[in-house]
Colleague: 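Before anything else, here's the structure in question.
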Amino acid sequence: MENRIQRIDAVRITIERRKLARDEKSIRKIFEVLEECRIPCECMAINIDWLAIVVRKAEYGKIKRFVEMLVQELSQTDISIDGEIVLLYLEKGQMTSRRIGMVVSTLSIQGIDIVLQRYIKCEDRLVIGVPPEVGNEALRMIREIVDTGYQT
């Protein structure tokens, strides 16, 4: 399989409320509002008290309406736009735990802050989120790892 690395400029939105993850109705409402605003979600992370949604920077103009609608729908919820993030997708990389560790540790050793990391096994896709100012450098490092044919 051929490796493919994709860079996506994005924005992170964090929705916070006590025990949000246990409130199925609120989670469903968040995704209904995203759909109504026609905002595709690139990646998400959930914790018991928050949900982070990452959307393409190209969708930035729709975020204000999304936040306004969500504030009306959900009470006692804090919503923040946490700023820009660069998502690096390594797809079809035949990822193993060791290979993921190699990518993550290489970036960390070089001082690149990883603000999001997800492995989607069914798609064999590793998603790394980094600050925009180091996006190109992180992309270069990941390509070097992939191009060396590092096998585990």
Colleague: Where is the tightest heavy-atom contact between Leu88 and Gly135, given as atom of each residue plus distance?
Modeller: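 Looking at all heavy atoms of both residues, the shortest contact is CD1-O, 4.1 Å.
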
Colleague: Given the rule in the side chain to side chain contact (heavy atoms under 4.5 Å, CB included) test, do Ile5 and Leu139 qualify, once you have shown the distances and angles that lead to the verdict?
Modeller: CA-CA 8 Å; Ile5 304 170; Leu139 180 60; 3.2 Å; yes

Colleague: At what distance, to the nearest 0.5 angstrom, does OG of Ser97 lie from CE of Met102?
Modeller: 14.5 Å

Colleague: Could you report the tightest heavy-atom contact between Leu87 and Gly129, atom names first, then the distance?
Modeller: CD2-CA, 4.1 Å

Colleague: State the CD1-CZ distance between Ile100 and Arg98, to the nearest 0.5 angstrom.
Modeller: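 Here the rounded value is 13.0 Å.
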
Colleague: Could you work out, with salt bridge (Lys or Arg N to Asp or Glu O under 4.0 Å) as the rule, every residue matching Asp82, not counting sequence neighbours?
Modeller: Arg12

Colleague: Test Leu51 against Leu20 for side chain to side chain contact (heavy atoms under 4.5 Å, CB included), laying out the working first.
Modeller: CA-CA 8 Å; Leu51 171 67; Leu20 177 64; 4.0 Å; yes

Colleague: Using side-chain hydrogen bond (donor to acceptor under 3.5 Å, both in side chains) as the criterion, list what pairs up with Glu24, not counting sequence neighbours.
Modeller: Arg28

Colleague: Taking atom CG of Leu70 and atom CD of Gln72, what is their separation to the nearest 0.5 Å?
Modeller: 10.0 Å

Colleague: Same cluster for Val54 and Leu34 if Ile/Leu/Val/Met/Phe/Trp/Tyr side chains link at under 4.5 Å?
Modeller: no

Colleague: If you take all heavy atoms of Val55 and Pro40, which pair is closest and at what distance?
Modeller: CG1-O, 3.5 Å

Colleague: Arg140: what forms a side-chain hydrogen bond (donor to acceptor under 3.5 Å, both in side chains) with it, not counting sequence neighbours?
Modeller: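 With sequence neighbours excluded, Arg140 shows a side-chain hydrogen bond (donor to acceptor under 3.5 Å, both in side chains) to Glu144, given in chain and number order.
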
Colleague: Only one of Val127, Val130, Val103, Ile128 forms a side chain to side chain contact (heavy atoms under 4.5 Å, CB included) with Gln117, so which one is it?
Modeller: Ile128

Colleague: List the residues meeting side-chain contact (heavy atoms from CB on, under 4.5 Å) with Asp49, not counting sequence neighbours, and say none if there are none.
Modeller: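 Scan of Asp49 (side-chain contact (heavy atoms from CB on, under 4.5 Å), adjacent residues dropped) gives Arg18, Lys19.
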
Colleague: Asn136: what forms a side-chain contact (heavy atoms from CB on, under 4.5 Å) with it, not counting sequence neighbours?
Modeller: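 Residues passing side-chain contact (heavy atoms from CB on, under 4.5 Å) with Asn136: Arg7.
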
Colleague: CD1/Ile15 to CG/Asp78 distance, rounded to the nearest 0.5 angstrom?
Modeller: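 One finds 11.0 Å between CD1 of Ile15 and CG of Asp78.
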
Colleague: Can you name the residues that form a salt bridge (Lys or Arg N to Asp or Glu O under 4.0 Å) with Asp113, not counting sequence neighbours?
Modeller: none

Colleague: Only counting residues at least two apart or in another chain, list the ones meeting side-chain contact (heavy atoms from CB on, under 4.5 Å) with Asn47.
Modeller: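 Partners of Asn47 by the side-chain contact (heavy atoms from CB on, under 4.5 Å) criterion, ordered by chain and then number, come out as Trp50.
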
Colleague: Let me check something: do Tyr119 and Ile114 share a hydrophobic cluster, defined by ILVMFWY side-chain heavy atoms less than 4.5 Å apart, either directly or through other members?
Modeller: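 Hydrophobic grouping puts Tyr119 with Ile114.
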
Colleague: Show, in sequence, the C-alpha distance, side-chain angles and deciding distance for Tyr89 and Arg4, and conclude whether the side chain to side chain contact (heavy atoms under 4.5 Å, CB included) test is met.
Modeller: CA-CA 8 Å; Tyr89 284 20; Arg4 191 172 131 216; over 6 Å; no

Colleague: Work out which heavy atom in Leu116 is nearest to a heavy atom in Cys43; give both atom names and the distance.
Modeller: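 Looking at all heavy atoms of both residues, the shortest contact is CD2-SG, 3.7 Å.
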
Colleague: Kindly compute the distance separating CE (Met141) from CG (Leu107), expressed to the nearest 0.5 Å.
Modeller: 6.5 Å

Colleague: Can you pull the side chain to side chain donor-acceptor pair (under 3.5 Å) pairs that have at least one residue in residues 57-71, sequence neighbours excluded?
Modeller: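 Only Lys57-Glu84, Glu59-Lys62 qualify under side chain to side chain donor-acceptor pair (under 3.5 Å).
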
Colleague: Using the test salt bridge (Lys or Arg N to Asp or Glu O under 4.0 Å), find all partners of Arg38 that sit at least two apart in sequence or belong to another chain.
Modeller: none

Colleague: Would you say Met44 and Leu126 are hydrophobically clustered, going by side-chain heavy atoms of ILVMFWY under 4.5 Å?
Modeller: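 Looking at the clustering, Leu126 is in a separate group from Met44.
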
Colleague: According to side-chain contact (heavy atoms from CB on, under 4.5 Å), who are the partners of Ala58, at least two apart in sequence or on a separate chain?
Modeller: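 With sequence neighbours excluded, Ala58 shows a side-chain contact (heavy atoms from CB on, under 4.5 Å) to no residue whatsoever.
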
Colleague: Given Ile53 and Ile30, is the side chain to side chain contact (heavy atoms under 4.5 Å, CB included) satisfied, shown in steps?
Modeller: CA-CA 10 Å; Ile53 299 170; Ile30 291 167; 3.8 Å; yes

Colleague: Without swapping roles, check the side chain of Ser108 against the backbone of Thr106 for a donor-acceptor pair under 3.5 Å.
Modeller: no

Colleague: Sort out for me which residue in Ile63, Val71, Leu74 forms a side chain to side chain contact (heavy atoms under 4.5 Å, CB included) with Ile79.
Modeller: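 Result: among Ile63, Val71, Leu74, Val71 is the only option passing the side chain to side chain contact (heavy atoms under 4.5 Å, CB included) with Ile79.
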
Colleague: Could you work out, with salt bridge (Lys or Arg N to Asp or Glu O under 4.0 Å) as the rule, every residue matching Glu32, not counting sequence neighbours?
Modeller: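 For Glu32 the salt bridge (Lys or Arg N to Asp or Glu O under 4.0 Å) partners, ignoring immediate neighbours, are Lys29.
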
Colleague: Applying side-chain hydrogen bond (donor to acceptor under 3.5 Å, both in side chains), can you list everything that pairs with Ser26, at least two apart in sequence or on another chain?
Modeller: Arg17, Asp23

